[in-house]
Amino acid sequence: MAAPFTLRKIGVPPNSANLTEARRRVFDFFRASCRSIPTIMDIYNLQDVVAPSQLRFAISAQIRNNAHITDPKVIDLLLFKGMEELTDIVDHAKQRHHIIGQYVVGEGLVQNTGSKDQGKSDFLKNFYTSNYF
Amino acid sequence: MASLSTTSLTFKAPTTRASQVLRKASSIQSISFGRFQSSKSLRLQICCAAKAETVQKVSDIVKEQLALSADTALTAESKFSALGADSLDTVEIVMALEEKFNISVEEADAQNITTIQEAADLIEDLVQKKPAAEAA
């Protein structure tokens with residue numbers, strides 16, 4: 001078994017100088033979070049609910065969501081928030097239903113097929129997403 | 001004490017391996033030393049070719065990650081970028097390989113992976129080094 005990965009809490013590092021360094025930090029964050037996945041599955045007993053590859057996909061989907069951003073400072077802030085979220089999860093400051101609701105079942109990850117209304121009304125389906133459709 | 005001196009006298013001209021057996025309590029050390037040598041020479045014979053099953057496993061993971069259809073032809077030389085993977089996909093593939101083979105890829109090594117063959121070679125390398133490190 002490879003040496004177990006522990007999340008080291010460093011203070012806030014200075015801003016990244018350019019996009020390349022911001023990119024490198026994004027990948028480091030992604031690697032750190034993927035390496036924490038076994039710990040997370042252990043803490044919240046997710047072994048029967050989700051596979052590690054699905055969690056990796058969820059994390060990468062969130063990163064891809066913000067892939068269009070080019071300002072290094074904005075990227076740093078997003079990484080800071082991401083790191084905060086990861087630290088909370090690894091510290092067991094969240095609960096199982098938070099993890100399942102936010103990263104397992106959700107919009108577009110694993111659709112909850114036992115929904116109440118199978119979909120008669122387009123109006124209601126779009127109601128939560130926006131006013132204008 | 002007397003018995004120890006007699007045993008050292010009988011093995012008057014020992015090889016370094018045998019003397020290690022005498023000095024250290026566990027003989028496992030020397031055995032792993034010997035095994036490491038033979039596996040290293042075996043690797044020199046195979047040279048740059050990783051095992052076919054490793055390449056196959058890597059291809060399966062890549063297909064799953066990039067959501068390619070099952071009959072896409074994946075040679076060992078296909079580049080990840082040619083298959084439609086961006087840099088985040090490459091990192092994700094490396095993480096999936098880490099999990100599957102139970103290894104730990106350093107960042108510097110991960111930068112150089114662009115084709116399936118390179119990934120398989122790196123995995124072989126790390127899997128070789130791991131049992132030697134664990135035995136020591």
Side-chain angles (χ1 to χ4, degrees), chain A residues 1-8 10 13 16 18-42 46-47 50-70 72 75 78-79 82 86 90 103 108-110, chain B residues 32 54 56-70 80-81 83-114 116 118-120 122-136:
Chain A
M1 171 84 185
F5 175 77
T6 45
L7 205 60
R8 258 172 290 140
I10 330 170
S16 16
N18 47 21
L19 202 55
T20 325
E21 195 183 336
R23 211 176 143 82
R24 200 181 56 82
R25 282 195 193 177
V26 170
F27 291 147
D28 286 343
F29 167 69
F30 182 63
R31 272 188 271 262
S33 51
C34 284
R35 287 184 183 143
S36 314
I37 285 180
T39 318
I40 293 172
M41 294 195 61
D42 194 39
L46 297 171
Q47 289 88 357
V50 71
S53 53
Q54 283 179 281
L55 285 177
R56 274 198 292 269
F57 176 73
I59 300 173
S60 66
Q62 299 248 351
I63 294 180
R64 241 177 263 274
N65 224 353
N66 294 315
H68 55 280
I69 297 186
T70 52
I75 296 178
L78 290 168
L79 282 177
L86 178 64
V90 169
Y103 297 104
L109 291 174
V110 174
Chain B
S32 71
T54 314
Q56 185 54 43
K57 282 187 196 170
V58 175
S59 309
D60 290 337
I61 289 183
V62 171
K63 271 190 200 167
E64 190 192 325
Q65 178 59 41
L66 301 176
L68 303 170
S69 60
F80 294 133
S81 48
L83 299 165
D86 62 4
S87 47
L88 190 63
D89 275 324
T90 314
V91 179
E92 206 170 338
I93 289 173
V94 172
M95 299 310 300
L97 295 171
E98 263 197 26
E99 186 214 351
K100 176 97 192 222
F101 292 97
N102 223 345
I103 49 178
S104 189
V105 181
E106 293 300 312
E107 188 190 335
D109 296 332
Q111 300 275 19
N112 304 329
I113 298 183
T114 45
I116 294 183
E118 282 177 20
L122 186 64
I123 291 169
E124 294 274 312
D125 204 24
L126 287 169
V127 168
Q128 291 274 1
K129 279 194 231 160
K130 202 168 59 103
E134 279 179 4

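Because the structure is predicted, anything quoted here is derived from the model rather than measured. So you know, we letter chains A, B, ... as the sequences are listed, proteins then strands, and number each from 1.
- Heavy-atom minimum distance, A:Arg35 versus B:Val105: NH2-O, 2.9 Å.
- Crowding of B:Glu64 atom CD: a count of heavy atoms from other residues, nucleotides or ligands under 6.0 Å not exceeding 12.
- With a 4.5 angstrom heavy-atom cutoff, B:Glu99 touches chain A only via side-chain atoms.
- With a threshold of 4.5 angstrom between heavy atoms, B:Asp86 approaches chain A through side-chain atoms but not through N, CA, C or O.
- B:Met95 approaches A:Phe30 most closely through the heavy-atom pair CG-CE2, 4.3 Å.
- Residues B:Val91 and A:Arg56 have side chains not in contact (no heavy-atom distance under 4.5 Å, counting atoms from C-beta outward).
- With contacts defined as side-chain heavy-atom distances shorter than 4.5 Å, the pair A:Arg23/B:Ser87 qualifies.
- Proximity to chain A (any heavy atom under 4.5 Å) is shown, for B:Gln65, by neither the backbone nor the side chain.
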